[in-house]
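Every heavy atom of this structure was used, including side-chain atoms; hydrogens, water molecules and symmetry mates were not.
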2 protein chains.
Amino acid sequence: MPFNSQRAERRTDALSKARIVEAAIQILDADGEGALTFRALATRLATGSGAIYWHVADRQALLAAAADHIIAGVMSEVTMRSKPQDAIRTIALGAFDAIYAHPWIGAQLSGDPWQHAVLRIMESIGRQVQLLGMPEAALFNATTALMNCVLGVAAQHAAAARLPRNTERSAHLTAIAEGWALLDPLEYSFVRRLAAQLPGHDDREQFLAGVNLVLAGIQSIWF
Amino acid sequence: MPFNSQRAERRTDALSKARIVEAAIQILDADGEGALTFRALATRLATGSGAIYWHVADRQALLAAAADHIIAGVMSEVTMRSKPQDAIRTIALGAFDAIYAHPWIGAQLSGDPWQHAVLRIMESIGRQVQLLGMPEAALFNATTALMNCVLGVAAQHAAAARLPRNTERSAHLTAIAEGWALLDPLEYSFVRRLAAQLPGHDDREQFLAGVNLVLAGIQSIWF
DNA sequence: TGGGCTGTTGGAACATCGTTCCATTTCTGT
DNA sequence: ACAGAAATGGAACGATGTTCCAACAGCCCA
């Protein structure tokens, strides 16, 4: 009779996609995108990687589900009884704040602009754009232009999300600005000018300015 | 005397970062981002992976160098004697065409918005924005808003670049649109409306429309 | 001319990772 | 009670980025 023939204790609480996604989000928030491995996830859930694959297709699907879970929460909270322009600003800022709080979402959104989480944002924004009442073709151009603002900050924070965990946010920007300052003054006069403002600038404010720019463009072209 | 003690023939032409980047671009263009492995690269260059690491820091640096090489070529070709708005359109379309021709650049640009290749584009656009003559702070907001248009299409093509190589471009869009058509009509009314237009739309035209929207916004706010 | 020294090369070896496979356990309906 | 289906845990596979190191080439200086 083999001494060791029995398995380890089976978990009492059942595994489920929801529980897996929840654990994945905890890992992502704590240690960034690189830390989300099936081994780490299996350890945290006290199971094996095979069991996880029963509930989730692959790593990409897991990341998409994690991003969708958070974006869904943010988008459902947005209530709007104001005029469309203000509603659009509220939605966009909601997306911004989510990306800011969970930088790995930036990488996920900009990595696949047609995943469900992006659709959620697009639907929210698109509905408000519809209320502005412009021709059909212009409708989609305007919505995707607004989406570009969101995907733009997503990409910016995606880069920061891949950084080692200890790096400070402001230190990151300062380091970038210092790199820019070393560029050839003739070839990169504009970028060097920008570098001076980079460390002290407000991400959120700049994001909002971009959205307002697009809104102003919509207003001026069709109204 | 061991029969096999001599090494393989050493290459006559010297290895160099330029030669490595060139070979990397060939692989990327031929088989997409996933195909660029150090093993494949070493085989194509008839050398070992260690030799490549002597010239290139790591895979990320290699991809950045490849993207920069192509973007540098595109940006240097842009000649402009027209008014700033037209010049901006020309630059943006140049970036668009580069991304369209080499979809892996999309993944690279949107994956790290502060790499050199992106700076090149930003410098080109920023200089033209300067010529418009607006206040300092607005300058950077306007430039980054225009960059968002570029990073937006970059992200869109990045997704397509990760697809299996045989997939057609239009088939990809059609498949996406079909997926959208299956969504809940109540929750996703806007996206479903968009799905109808997706397969037949012109990427380049929509990109230009986004740029024009931002340009119109700039015009309407500061002039 | 010869002998080290530095820059360079090729390829084996290492550490991980995503994913697959499968023996085994648990659940469910009859 | 039992058969089939659902679910589990962990070993094993194949591939990748990266590191390491023994060997080599060209060069300067004695």
Integer-rounded Å distance: [N] [atom2] and [X] [atom1]:
| X | N | atom1 | atom2 | result |
| --- | --- | --- | --- | --- |
| His55(B) | dT8(C) | NE2 | C1' | 7 Å |
| Leu45(A) | dA7(D) | CG | P | 16 Å |
| Leu62(A) | dT19(C) | CG | C1' | 14 Å |
| Lys17(B) | dG7(C) | NZ | C1' | 17 Å |
| Leu41(B) | dG17(D) | CG | P | 10 Å |
| Arg59(A) | dT16(C) | CZ | C1' | 12 Å |
| Ile52(B) | dT19(D) | CD1 | P | 14 Å |
| Tyr53(A) | dG10(D) | OH | P | 17 Å |

Task: Minimum-distance nucleotide to Arg39(B) side chain [options: dC13(D), dT8(D), dT18(D)] - done: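 It is dT18(D).
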
Task: Out of dG18(C), dT19(D), dG10(D), whichever nucleotide has its closest atom nearest the side chain of Ser49(A) - done: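 The nucleotide sitting nearest to the side chain is dG10(D).
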
TODO: Tell me what Leu36(B) touches on the nucleic acid: a base, only sugar-phosphate, or nothing, going by heavy atoms under 4.0 Å.
DONE: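 Since only primed, P, OP1 and OP2 atoms lie under 4.0 Å of Leu36(B), the category is sugar-phosphate.
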
Task: Mutual orientation of the aromatic rings belonging to Tyr53(A) and Phe38(A) [parallel < 30°, tilted 30-60°, perpendicular > 60°] - done: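 Because their plane-to-plane angle is under 30°, the rings of Tyr53(A) and Phe38(A) count as parallel.
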
Task: Mutual orientation of the aromatic rings belonging to His102(B) and Trp104(B) [parallel < 30°, tilted 30-60°, perpendicular > 60°] - done: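 Because their plane-to-plane angle is over 60°, the rings of His102(B) and Trp104(B) count as perpendicular.
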
TODO: Please tell me which of Trp54(B) and Asp58(A) maps to the more 5' nucleotide of DNA chain C, matching each residue to the nucleotide holding its nearest heavy atom.
DONE: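 Closer to the 5' end of DNA chain C: Trp54(B).
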
Open item on the list: Quick check: on DNA chain C, is the nucleotide nearest Thr37(A) upstream (toward 5') of the one nearest Gly48(B), or the reverse? Name the residue that is more 5'.
Closed with: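 Final value for this comparison: Gly48(B).
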
Open item on the list: Nearest 0.5 angstrom please: Arg89(B) CZ to Phe207(B) CZ, how far?
Closed with: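 Arg89(B) atom CZ to Phe207(B) atom CZ measures 11.5 Å (nearest 0.5 Å).
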
Open item on the list: Could you check whether any side-chain heavy atom of Leu151(A) comes within less than 4.5 Å of a side-chain heavy atom of Pro113(A), counting everything from C-beta outward?
Closed with: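 Result yes, sub-4.5 Å side-chain heavy-atom pair found.
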
